[in-house]
Protein chains: 2
Amino acid sequence: MISILLVDDHPMLRQGVAQLIELEEGLMVVGQAGSGEEALHLAAQLDPDMVLLDLNMQGMNGIATLQALREQGFNACVMVFTVSDQHDDVVAALRAGADGYLLKDTEPEVLLQSIKAASQGQPVFSPQLARVLASGVRDQKADSAERMGELTGREAQILQCIAQGKTNKRIARELAIAEATVKVHVKNTLKKLGLRSRVEAAVWVLENRVFE
Amino acid sequence: MISILLVDDHPMLRQGVAQLIELEEGLMVVGQAGSGEEALHLAAQLDPDMVLLDLNMQGMNGIATLQALREQGFNACVMVFTVSDQHDDVVAALRAGADGYLLKDTEPEVLLQSIKAASQGQPVFSPQLARVLASGVRDQKADSAERMGELTGREAQILQCIAQGKTNKRIARELAIAEATVKVHVKNTLKKLGLRSRVEAAVWVLENRVFE
DNA sequence: TGAAAACTACCACCAAGGGAGTAGTGCGGC
DNA sequence: GCCGCACTACTCCCTTGGTGGTAGTTTTCA
């Protein structure tokens with residue numbers, strides 16, 4: 001039995017979705033929130049298996065709510081359920097820790113199946129987003145490649161070390177500089193490339209054959 | 001001026017090397033240790049730019065000394081200087097944090113140049129070790145590939161996530177398990193593959209096209 | 001059916017990574 | 001000369017990663 005928290009500032013829509021879900025075997029609505037603040041409270045209190053989250057809400061919007069949820073340690077599945085198919089919204093949702101992104105014009109049957117799939121840990125997206133997602137990925141890679149040219153010599157050197165699996169301490173020793181300095185270069189490199197960790201940096205370097 | 005600490009349990013040999021070094025412009029012997037324990041003490045006290053370290057010593061051997069040096073926060077260059085060209089010794093020294101590995105039959109002129117090169121952060125190895133090092137790398141890779149088969153399904157799944165740059169938290173969310181559990185699988189995976197960090201794991205997966 | 005292996009979870013602990021900010025030095029260009 | 005940039009180094013602070021150990025549950029297989 002999958003317990004679900006609905007978050008949307010339209011009571012009517014919540015009601016419709018809740019009815020749909022309740023009729024389905026194995027799914028159960030354990031709570032409904034009409035705002036981000038309420039969602040945070042109910043998520044902590046009810047600890048549902050999944051949150052179905054609208055983006056366009058008055059006050060605290062969906063992205064902010066999602067970020068706050070993750071910050072307060074909520075690790076269960078969060079599915080964005082919204083009308084927006086805008087590139088920025090999709091990217092922001094994924095960055096904030098969304099596990100899926102469904103548009104509101106999704107067929108009821110598909111919505112139910114998607115909820116089940118997502119609760120298994122499978123990432124779920126509306127097919128209409130394929131183009132957006134693909135371009136998003138492409139943009140990101142193009143961005144990184146472009147920004148690669150902005151790296152200083154030292155930063156490129158350190159990026160190469162990261163892609164060899166070296167630790168900051170080891171890099172510091174090999175380049176004969178302080179570990180704190182290495183960290184600065186790592187931080188600036190990650191920022192310039194739009195990456196979030198040294199692992200992502202290593203993956204990016206190897207996948208794009210940057211130093212070959 | 002590069003300050004050097006000599007560590008060897010043969011006073012005669014220390015004397016010879018010290019004399020050689022002192023005659024060279026830009027190099028200076030600031031201390032000599034006849035045992036691992038003494039080396040630890042002197043390294044902390046003198047904070048030299050480089051340690052020239054013998055492996056075959058009575059009592060605390062060179063590898064143990066090197067490990068202890070690194071553990072007590074000694075980050076400067078350590079060059080192993082020994083008679084052993086054994087595969088295991090070379091690998092152990094590198095694992096323990098050696099920056100170079102020279103055999104004692106190295107020409108004096110080469111030794112001096114190597115010291116200078118190493119102090120610039122350049123890794124230095126006797127040419128005779130090329131074969132050993134190459135086979136060492138090959139062995140390690142073969143080992144990993146072999147042990148890959150020993151991974152459980154879950155471990156392989158998590159390894160794949162690591163190679164995509166995902167954090168433990170994100171993996172936990174996607175697989176719908178606790179982060180602590182992810183850590184367990186990561187730990188076991190690293191151990192089985194003989195790797196030391198998730199970055200090394202990511203590099204290994206990508207370089208060997210494990211999931212393709 | 002009983003043992004082994006895999007999977008799960010939690011704890012405590014320490015090492016490593018990363019953000020944000022401050023600041024000194026050296027170098028090339030205007 | 002001064003400006004900007006790269007490089008270096010440091011501090012404080014927090015998150016993430018990794019190891020060790022214990023232990024309960026399911027799956028698999030002999």
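Quick note on labels: first sequence line is chain A, next is B, and so on, each numbered from 1.
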Looking for any heavy atom pair under 4.0 Å, which part of the strands does B/Val184 touch: base, sugar-phosphate only, or nothing?
base
How many whole angstroms separate atom CD1 of B/Ile162 from atom P of D/dG17?
9 Å
Are A/Val29 and A/Glu22 close enough, and set up right, to give a side chain to side chain contact (heavy atoms under 4.5 Å, CB included), and what steps lead you there?
CA-CA 7 Å; A/Val29 173; A/Glu22 289 290 359; 3.6 Å; yes
Give a yes or no on whether a donor-acceptor pair under 3.5 Å exists between the nucleobase atoms of C/dG18, that is its base, and the side chain of A/Lys183.
yes
Distance below 4.0 Å between A/Asn168 side-chain N/O and C/dA16 OP1 or OP2
no
Under the criterion side-chain contact (heavy atoms from CB on, under 4.5 Å), which of A/Leu102, A/Val80, A/Val17 is the partner of A/Leu52?
A/Val17
Using heavy atoms to find the nearest nucleotide of DNA chain C for B/Val199 and B/Gly153 separately, return the residue whose nucleotide is more 5′.
B/Gly153
Using a cut-off of strictly less than 4.0 Å, decide whether A/His185 has a side-chain nitrogen or oxygen near OP1 or OP2 of D/dT8.
yes
Quick one: does B/Asp99's side chain have a donor or acceptor within less than 3.5 Å of a partner on B/Val78's backbone?
yes
Any donor-acceptor N/O pair, B/Asp49 side chain to B/Ser3 backbone, under 3.5 Å:
yes
Distance check: side-chain N/O of B/Arg196 vs OP1/OP2 of D/dG18, anything under 4.0 Å?
no
Whole angstroms only, please: what is the CD-P distance between B/Glu179 and D/dG17?
7 Å
Figure out the CD/C1' separation between B/Gln157 and C/dA6, and round it to whole Å.
13 Å
Which whole-number value in Å describes the distance from B/Glu200 CD to D/dG17 P?
16 Å
Interatomic distance, A/Arg154 CZ vs D/dC5 C1' [rounded to whole Å]
16 Å
At under 4.0 Å between heavy atoms, what does B/Ala180 touch on the DNA or RNA strands: base, sugar-phosphate, or nothing?
base
In whole angstrom, give the distance that lies between atom CD1 of A/Ile158 and atom P of C/dG18.
12 Å
D/dT16, OP1 or OP2 - any side-chain N/O from A/Ser197 closer than 4.0 Å?
no
Touch check for A/Thr167, heavy atoms < 4.0 angstrom, all strands: base, sugar-phosphate only, or nothing?
sugar-phosphate
How many whole angstroms separate atom NZ of B/Lys192 from atom C1' of C/dC7?
12 Å
Is B/Thr152 close enough to C/dA6 that one of its side-chain N or O atoms is under 4.0 Å from OP1 or OP2 there?
no
Could you tell me the separation between the NZ atom of B/Lys169 and the P atom of D/dT15, rounded to a whole number of Å?
8 Å
